[in-house]
Undergrad: 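Quick one: the structure is below, and I'll ask about it shortly.
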Amino acid sequence: MVETQEAVIRITPLAAEKAKEILARYGKEHAAIRVYVKSGGCSGFQYGMAVDERELEGDTLVEMHGVRLVVDPRSLPYLVGSEIDWMESLMGGGFTVHNPNAASTCGCGHSFRTKDQEGEARTCGH
């Protein structure tokens, strides 16, 4: 596991409090929140988050506001500079990712598209 001092991914204080509540509810206060990117969603890539007690080889670990975040090496390039926040709406609350690498996002807020070096939209599988 790669532990980093400079946060490659951040979490707001409010989102950290919500994450701690979730970890406590599952009885896993010492686990981490795994943040990842997978192919899919309406814009090409989709964010995912999960409670995870594993520390896998190549993972990057960030500790902030009392919460541990882990990111796998495949997802890390898509998430560098991102911030996880908590948003309340009439439909309830949930985590959201503010990602400077996203060239466009879907209206659902859970999927995004990036641009490659030539400026073309990158889609699933690339």
Side-chain angles (χ1 to χ4, degrees):
M1 169 153 331
V2 177
E3 198 162 334
T4 181
Q5 298 295 6
E6 185 177 327
V8 294
I9 186 170
R10 297 178 312 280
I11 188 167
T12 65
L14 177 60
E17 288 305 313
K18 296 296 184 179
K20 286 189 249 184
E21 290 173 14
I22 291 167
L23 291 168
R25 192 174 1 181
Y26 284 99
K28 301 187 183 229
E29 292 90 350
H30 301 290
I33 300 294
R34 180 168 295 280
V35 184
Y36 57 92
V37 171
K38 63 182 182 176
S39 293
C42 11
S43 293
F45 292 106
Q46 186 172 346
Y47 300 113
M49 295 177 72
V51 173
D52 199 341
E53 296 177 296
R54 301 172 300 155
E55 295 182 1
L56 304 175
E57 185 176 331
D59 280 350
T60 296
L61 169 68
V62 174
E63 291 191 48
M64 183 173 276
H65 306 299
V67 173
R68 295 173 20 168
L69 303 172
V70 290
V71 181
D72 67 87
R74 200 183 107 227
S75 298
L76 187 63
Y78 298 107
L79 293 169
V80 169
S82 295
E83 180 179 67
I84 298 169
D85 199 2
W86 180 267
M87 301 293 288
E88 291 284 345
S89 72
L90 293 174
M91 299 296 286
F95 292 103
T96 186
V97 179
H98 302 289
N99 188 343
N101 305 300
S104 65
T105 58
C106 184
C108 68
H110 298 285
S111 63
F112 68 101
R113 181 176 299 169
T114 62
K115 291 191 177 197
D116 63 13
Q117 295 85 343
E118 290 81 36
E120 295 294 318
R122 185 185 296 176
T123 58
C124 299
H126 291 275

Undergrad: In terms of relative ring orientation, are Tyr78 and Phe45 parallel, tilted or perpendicular, with 30° and 60° separating the classes?
TA: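 Tilted.
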Undergrad: Quick one: are Val8 and Val71 in side-chain contact, heavy atoms under 4.5 Å?
TA: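 Answer no - side chains too far apart.
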Undergrad: A side-chain contact here means heavy atoms from C-beta on lying under 4.5 Å apart; do Ile9 and Leu76 qualify?
TA: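 They are not in contact (no side-chain heavy atoms under 4.5 Å apart), so the answer is no.
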Undergrad: Let me know which of Val35, Val37, Val70 forms a side chain to side chain contact (heavy atoms under 4.5 Å, CB included) with Ser75.
TA: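 Only match with Ser75 under side chain to side chain contact (heavy atoms under 4.5 Å, CB included): Val37.
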Undergrad: If every non-hydrogen atom of Ala31 is compared with every non-hydrogen atom of Leu23, which pair is closest and at what distance?
TA: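 Heavy atoms only, the tightest pair is O-CD1, 3.9 Å.
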Undergrad: Tell me the closest heavy-atom pair linking Gly81 and Arg10, and the distance in Å.
TA: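 Looks like O-NH1, 3.6 Å.
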Undergrad: Please report the closest heavy-atom contact between Arg68 and Leu61, naming both atoms and the distance.
TA: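 Nearest pair, atom of Arg68 first, then Leu61: CB-CD1, 3.8 Å.
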Undergrad: Heavy atoms, side chains only, cut-off 4.5 Å: are Leu56 and Asp72 in contact?
TA: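 The answer is no, as the side chains (C-beta and beyond) never meet within the 4.5 Å cut-off.
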Undergrad: Less than 4.5 Å apart, side chain to side chain, heavy atoms only: is that true for Leu69 and Met64?
TA: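 Leu69 vs Met64: side chains apart.
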Undergrad: Quick one: do Tyr36 and Ile22 end up in the same hydrophobic cluster if we chain Ile, Leu, Val, Met, Phe, Trp and Tyr together by side-chain heavy atoms under 4.5 Å apart?
TA: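 No; Ile22 is not reachable from Tyr36 via cluster members.
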Undergrad: For residues Ile33 and Phe95, determine if any side-chain heavy atom of one lies less than 4.5 Å from a side-chain heavy atom of the other.
TA: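 Side chain of Ile33 against side chain of Phe95, heavy atoms only: no contact under 4.5 Å found.
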Undergrad: On a heavy-atom basis, which atom in His65 and which in Thr12 lie closest, and how many Å separate them?
TA: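 Residues His65 and Thr12, closest heavy atoms: CD2-C, 4.0 Å.
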Undergrad: Where the side chain of Asn101 meets the backbone of Val80, is there a donor-acceptor pair that is under 3.5 Å apart?
TA: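 Here the side-chain-to-backbone pair exists.
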Undergrad: Do Met87 and Tyr47 share a hydrophobic cluster (ILVMFWY, side-chain heavy atoms under 4.5 Å, transitive)?
TA: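 No, Met87 and Tyr47 fall in different hydrophobic clusters.
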Undergrad: Any chance you could measure Glu29, atom CD, to Lys20, atom NZ, to the nearest 0.5 Å?
TA: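 The distance works out to 11.5 Å.
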Undergrad: Let me see the working for Asp59 and Arg54 under salt bridge (charged side-chain N to carboxylate O under 4.0 Å, His left out), right down to the final yes or no.
TA: CA-CA 10 Å; Asp59 280 350; Arg54 301 172 300 155; over 6 Å; no
Undergrad: Locate the shortest heavy-atom distance separating Pro73 from Gly58; write the atom from each residue and the value.
TA: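 That closest heavy-atom pairing would be CD-O, 3.5 Å.
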Undergrad: Quick check: closest heavy atoms across Arg74 and Pro77, and the distance to 0.1 Å?
TA: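 Shortest heavy-atom separation between Arg74 and Pro77 comes out as O-CD, 3.5 Å.
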